[in-house]
Student: 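Below you'll find the structure I mean.
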Amino acid sequence: MPRPDPHSYFDSDQPRTTHLDLDLAVDFDRRRVAGQVMLVLDRPSSGPLDLDSKGLVIASVRTDLGRTISYEPAPEEPILGSRLRLMLPEGTERVVIAYETGPDAIGLQWLEPPQTAGGRHPFMFTQFQPIHARTMIPCQDSPLVRVTYHAAVTIPESLTAVMSAGPKDGGASSETGMRTMLFEMPQAIPTYLIALAVGDLTSRDLSPRARVWAEPATVEAAAWEFAGVEQMILAAERMFGPYEWDRYDMLVLPPSFPYGGMENPRLTFLTPTLLAGDRSLVDVVCHELAHSWTGNLVTNATMDHFWLNEGFTVWAERRILEALHGPEAAAVSWAIGRVALDESVARFGADSPYTVLRTHLEGVDPDDVYSSVPYEKGSLFVGLLERTVGRARFDDFIRAYIRRFHFTSVTTEQLMAFVDQQLPGVAAKVGADEWLHEPGVPANAPAFRSASLEEITALAAGWPAGARPSATQIAGWSPAELLVYLQHLPRELDRAACGWLDERLHLTGRGNYEILVEWLTIALGSDFEPVFGRARDVLTKVGRMKYLRPLYGALGRHARTRALAREIFAAAAPTYHTLSRRVVESVMEKYDG
Ligand code: BES
Ligand code: ZN
């Protein structure tokens, strides 16, 4: 199989890259990254080497000894980009490519000072998963290929660069006003885990192996919010084995970051919307941390096996949560996830191929079909295996799986062969084929119940008949329980009902974005004017796609809110990440009227 990954030109008959040496300058004025990369190959080679590239402007390709290498860039394909075919002369072990990034590299976002917390310095960050490393680096951009890397990054002197790597001593001011920072990543990772951010950054230590990076204006809040991270790492190590990445640092990005978190090794990227002020959203940190085992050690072979990354990680996240906060808290998290899953299945349609776990995405842009399915259907399948064999046996299985496949990339078929070997008969017993290959959610999906969940969902279901939570009930809810309550309320309420909710539950002023956005989704869908100002603030500032989708969706229900949506989007679109902009456009295309 010469091209095993439908989202890459990587050819498995050709040599593989084992190491990248990057020497890059970050040019904020031109919004370009320019410099060179040296690719170290696994063997002396000759003949064709196909690389992924997207929008890159190639200046030259040579061997490390200075011999020119002829190359042929193919026309740009909309999803894959351009295949860069090099013709290696006999005995080539290292290839040096000089290049710069294109003007709309989707893997990079450039922010003007007003889009940052401090407001005085520009900011840039990368987001390479699933297939965007090729917009900054010509490389074999498939998770089937793992590389170590070194980087020298030249930036304006007043800023700081951080990467998904360790720092390396040295570096200096190269020219006036600029400085070069050095990084070294000794563990082999897929290219989607290479990450860079540059801005006015400072850090606080949280434990001997963990610190948080953020702008000076947010770093104290971030240090407080994530102070418990070492406890999470210890809990995860007890379940999944030693943490293999040396440090676990976190970076809090500006609010336009399109995700909640991204598991860049040694440096998780996080949205500032997690800074709720009460540590109620640290489950996202549990999730990204859990990827240190499921995802970064054992990686999906291609995006057709993405559920292996996310399904196992959501399951692991909830196990960490249970270890730290008990089974009730975990059950609430499962309940919240189930609502998200049902919403995604409803959006695609219950017989859509995008509700299958093991997908076939050739010709499909993985960003276009991103949803809760791999996360929640995937984690339910893992949870079902766990329930079926019992926790003790399943925990042994997980540790064996991680040990067996660490630092490799696996397919669904490889996982299931390992399941058959370690847990014979279990796949058939749970109906694994239906789970993996059929759309929708199988009837034997585990349900996670608790007394308090029953009470909350019953109260919400009783809303139309006049049921209301008492002040005592409300006071007893955790933020996650309040979220469950809101999730189960009708999507459209009258003015009096909206007013009642906001008054009793103090929703519009919430710092917890999960609660705030769920509330705004109901209120905007109800054409409830008192929240319009708050909604405008959120939508102008926050680029997290998980929030933009429901909010713009809710704004589509009424003529007045559709006009509001168009007005807000016109103003905010230039500040959104390309991915966020695309999500909003796809939502607004479906507005009728
Ligand atoms: N790896 C994902 C984010 C991602 C997936 C980026 C696919 C690009 C392509 C990350 O671990 C993630 O799942 N983030 C979630 C966190 C949540 C499930 C706790 C998010 O951003 O909402
Ligand atoms: Zn994840």
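Since we're looking at a predicted model, the values are computed, not measured. In each ligand, atom 1 is the first atom listed, and ligand 1 is the first ligand listed.
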Student: Please state which option from Tyr259, Phe269, Tyr547 has its nearest heavy atom closest to atom 9 (C) of ligand 1.
Tutor: Tyr259
Student: For ligand 1, find out whether one of its N or O atoms is nearer than 3.5 Å to an N or O atom of Gly261.
Tutor: yes
Student: Check this for me, if you would: do Glu438 and Arg358 make a salt bridge, where the nitrogen-to-carboxylate-oxygen distance has to be below 4.0 angstrom?
Tutor: no
Student: Looking only at protein heavy atoms, which one is nearest to atom 7 (C) of ligand 1, and what is the separation?
Tutor: Phe306 CZ, 3.4 Å
Student: Check whether any side-chain N or O of Glu76 sits under 3.5 Å from a backbone N or O of Gly55 as a donor-acceptor pair, and report yes or no.
Tutor: yes
Student: Tell me whether the rings of Phe306 and Tyr370 are parallel (<30°), tilted (30 to 60°) or perpendicular (>60°).
Tutor: tilted
Student: Below 4.0 angstrom from a heavy atom of His291, which ligand 1 atoms are there? Numbered from 1 as shown, please.
Tutor: 11 (O)
Student: Specify the protein heavy atom at minimum distance from atom 20 (C) of ligand 1: its residue, its atom name, and the distance to 0.1 Å.
Tutor: Gly260 N, 3.5 Å
Student: Looking at non-hydrogen atoms alone, which of Gln127, Arg544, Glu317, Glu310 comes nearest to atom 2 (C) of ligand 1?
Tutor: Glu310
Student: Check the angle between the aromatic planes of Trp334 and Phe448 and answer parallel, tilted or perpendicular using the 30° and 60° thresholds.
Tutor: parallel
Student: What protein heavy atom sits nearest atom 11 (O) of ligand 1, and how far off is it?
Tutor: Glu288 OE1, 2.7 Å
Student: With the side chain counted from C-beta on, respond yes when Val145 and Thr191 share a heavy-atom pair under 4.5 Å apart, and no when they do not.
Tutor: no
Student: Taking only residues two or more places apart in sequence, or in another chain, which ones meet Glu362 in a side-chain contact (heavy atoms from CB on, under 4.5 Å)?
Tutor: Pro6
Student: Can you tell which of Leu483, Leu486, Leu274 makes a side chain to side chain contact (heavy atoms under 4.5 Å, CB included) with Glu514?
Tutor: Leu483
Student: If you round to 10 degrees, what value do you get for the angle at the Zn ion (ligand 2) between His287 atom NE2 and His291 atom NE2?
Tutor: 100°
Student: Of the side chain and backbone of Gln129, name the one, both, or neither that has a heavy atom under 4.0 Å from an atom of ligand 1.
Tutor: both
Student: Is a salt bridge present between Arg211 and Glu230, judged by a nitrogen-to-oxygen distance below 4.0 Å?
Tutor: no
Student: Going by the atom numbers of ligand 1, which of them fall below 4.0 Å from some non-hydrogen atom of Pro130?
Tutor: 9 (C)
Student: Out of the N/O/S atoms in Glu310, what is the name of the one closest to the Zn ion (ligand 2)?
Tutor: OE1
Student: What residues form a side-chain contact (heavy atoms from CB on, under 4.5 Å) with Tyr354, not counting sequence neighbours?
Tutor: Phe348, Ser352, Leu361, Val364, Val369
Student: For ligand 1, is there an N or O atom under 3.5 Å from any N or O atom of Glu263?
Tutor: yes
Student: To which protein heavy atom is atom 13 (O) of ligand 1 closest, and what is the distance rounded to 0.1 Å?
Tutor: Tyr375 OH, 2.6 Å
